[in-house]
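For reference, the structure is listed below as structure tokens.
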Amino acid sequence: MKDLKHLYYFEKLLDEANNELVRRAQKEGRICVGNVCSLVPEVLLDLPGIFTVRLRAPRTGSMEMGTYYLTSFLCEYSRALLERAIEGGYQFLDCLIAPDACSMINRAVENMELLKTMPKEKFFYRYLEIPMKADDNGLSVYVSECRSKILQPLHEVYGIDISEAALRKAVEDHNKVCSLITKIGEFRKEEHPRITGYEYHMITLASYVCPKDLLIEKLEETLEELKTREADKKKSYRAKVVVVGSEIDDVDMIRLIEESGALVVADRFCFGAIPGREVIRLDDTEDVVTQVCRHYMYASQCARYMNKEKIEGRRSFVDALAKEYHADGIIYEQMKFCDYWAYERMVGSHDLREKYGYPVLSVDRPYAVGTSGQLRTRVQAFVESIEIKKIQKRQGGAV
């Protein structure tokens, strides 16, 4: 296929945390709010006059200092973030919002605070209590936390408008970007998708680490370009897969999978689009914060939610994704030492294989995959096993 016009532009935005669009927005006088988790309602951090950046540590190498403070038994994402903070890589932030959801990432942010890694005079940290069950009581806690830990300090410290009108404007702007990314993602459902998983991951990831409004023009142009782009039918991927699991902000992960012969047609991971880039519907019957929190709580597929409906729903959600995007198999991945997703991966991959009948590759992985030969070999073997099952099915043999 012909290269997307703006793909290199999106790739360059992911080379560093303090990227071109972050610097541009701050020159315009906007406040930069850091966040570290999909459980923090992103849209509340994109009010007029501010924008949010989900923290990542591109080109991670040594994590010696991060490991020194957090030990080698914590996930590499938390250690990589702390390492980058100690190096001074997040000093462009004006505040940092973290959920008291995952103890590992929470410890990473607490150490950033204790080590005084952010020098700005008005800089503040806030830690949100996040419910473990999606119900009315959990929603009440969620709303209260977002008001007291996000909106109130933003207003008091930086004078940000947190009125209903400002909140509705934030949701409206958020929906513009989500709608564009969703429409781009529709092309992944085609028999011969005209956009690869790697390309889509670059576009989606950029929307998490840049001021969203500054991406709209490039997203609109990319959508129009895809409408007339022709898929390369001669370069046929050997299998289509859904990638499911924990945090992925490593640009090499999806590329490695696709270089191994599997086209990634849908994603269910942090920094992903499903969920994460769906439109938030508002009505006039409730305040905006309650509606936003309800959306995030019930749309979330995070393994931290422990009520029965959520647990069972995570399996059926992946099944529905695989059917909608015509996937041949599922790659269930988990960051090494991630407590929540370690259990979820074990049970989820078993259920999707035994109850739903999908070929499943279950892997744990480092934060920075690079050119991992072991992971590449496992994906290649998984693709070959899918091909064998297809041949057996066509011949009427055992699947």
For side-chain contact (heavy atoms from CB on, under 4.5 Å), just list the numbers for Q152 and R147, CA-CA rounded to whole Å, side-chain angles, deciding distance to a tenth of an Å, and then say yes or no. CA-CA 6 Å; Q152 188 174 333; R147 289 190 184 280; over 6 Å; no
Please check if the side chain of [X] supplies one atom and the backbone of [Y] the other of a donor-acceptor pair under 3.5 Å.
X	Y	answer
N175	I280	yes
K12	E20	no
N111	R107	yes
K310	Y298	yes
E83	G66	yes
Y296	V40	no
E164	V288	yes
R268	R314	no
R30	A25	no
R56	L14	yes

Locate the shortest heavy-atom distance separating [X] from [Y]; write the atom from each residue and the value.
X	Y	result
V22	P211	N-CD, 4.0 Å
V264	E258	N-OE2, 3.1 Å
M306	I311	O-CD1, 3.2 Å
L44	I50	O-CD1, 4.2 Å
E145	Y127	OE1-O, 4.0 Å
L93	C32	CD2-SG, 3.7 Å

Is there a continuous path of hydrophobic side-chain contacts, each under 4.5 Å between heavy atoms, that joins [X] to [Y]?
X	Y	answer
I254	L321	no
Y358	Y325	yes
I130	W341	no
V369	V241	yes
F337	Y340	no

Any side-chain heavy atom of [X] sitting closer than 4.5 Å to one from [Y]?
X	Y	result
M104	M335	no
L81	M112	yes
L263	P193	yes
M202	V251	yes
Y237	T196	yes
E199	F10	no
M253	L375	yes
E225	L4	yes

Going from [atom1] on [X] to [atom2] on [Y], what distance comes out if it is rounded to the nearest 0.5 angstrom?
X	Y	atom1	atom2	answer
I330	K240	CD1	NZ	15.0 Å
Q380	L361	CD	CG	11.5 Å
L282	D287	CG	CG	10.0 Å
K323	S316	NZ	OG	10.0 Å
K212	C178	NZ	SG	7.5 Å
L39	C293	CG	SG	11.5 Å

Taking side chain to side chain contact (heavy atoms under 4.5 Å, CB included) as the criterion, tell me which of T182, V279, L219, D213 meets it with V177.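 Filter result, single survivor: L219.
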Which of L223, T222, T204 passes side chain to side chain contact (heavy atoms under 4.5 Å, CB included) with I181? Answer is T204
So that I can tick it off, tell me whether [Y] and [X] are bridged by a salt bridge, with the cut-off set at under 4.0 angstrom between side-chain N and carboxylate O.
X	Y	value
K120	D94	yes
E312	R315	no
K227	E224	yes
R79	E64	no
E259	R376	yes
D284	R168	yes
E247	R54	no
R84	E87	yes
R188	D267	yes
K169	D161	no

Do R255 and Y198 have a side chain donor and acceptor closer than 3.5 Å? yes
Would you indicate whether K390, at its atom NZ, is surrounded by more than 12 heavy atoms from other residues, nucleotides or ligands within a distance under 6.0 Å? yes
A quick test of your reading: do over 12 heavy atoms of other residues, nucleotides or ligands sit less than 6.0 Å from NZ of K133? no
Quick one, Y125 with C95, criterion side-chain contact (heavy atoms from CB on, under 4.5 Å). Give me CA distance, side-chain angles, the key distance, then yes/no. CA-CA 6 Å; Y125 296 84; C95 60; over 6 Å; no
Under the side-chain contact (heavy atoms from CB on, under 4.5 Å) rule, what do E217 and E221 come out as? Steps first, then yes or no, please. CA-CA 6 Å; E217 182 180 344; E221 291 180 13; 3.5 Å; yes
Set out, in order, the CA-CA distance, both residues' side-chain angles and the distance that settles side-chain contact (heavy atoms from CB on, under 4.5 Å) for Q334 and R365, then state yes or no. CA-CA 6 Å; Q334 162 229 324; R365 62 176 187 85; over 6 Å; no
Tell me, which pairs form a ring-ring contact (aromatic ring centres under 6.0 Å, His included) where one or both residues lie in residues 242-291, sequence neighbours left out? H201-F269, Y208-F271
Would you list the pairs meeting ring-ring contact (aromatic ring centres under 6.0 Å, His included) in which at least one residue belongs to residues 58-107, sequence neighbours left out?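 Output for this query lists Y77-Y367.
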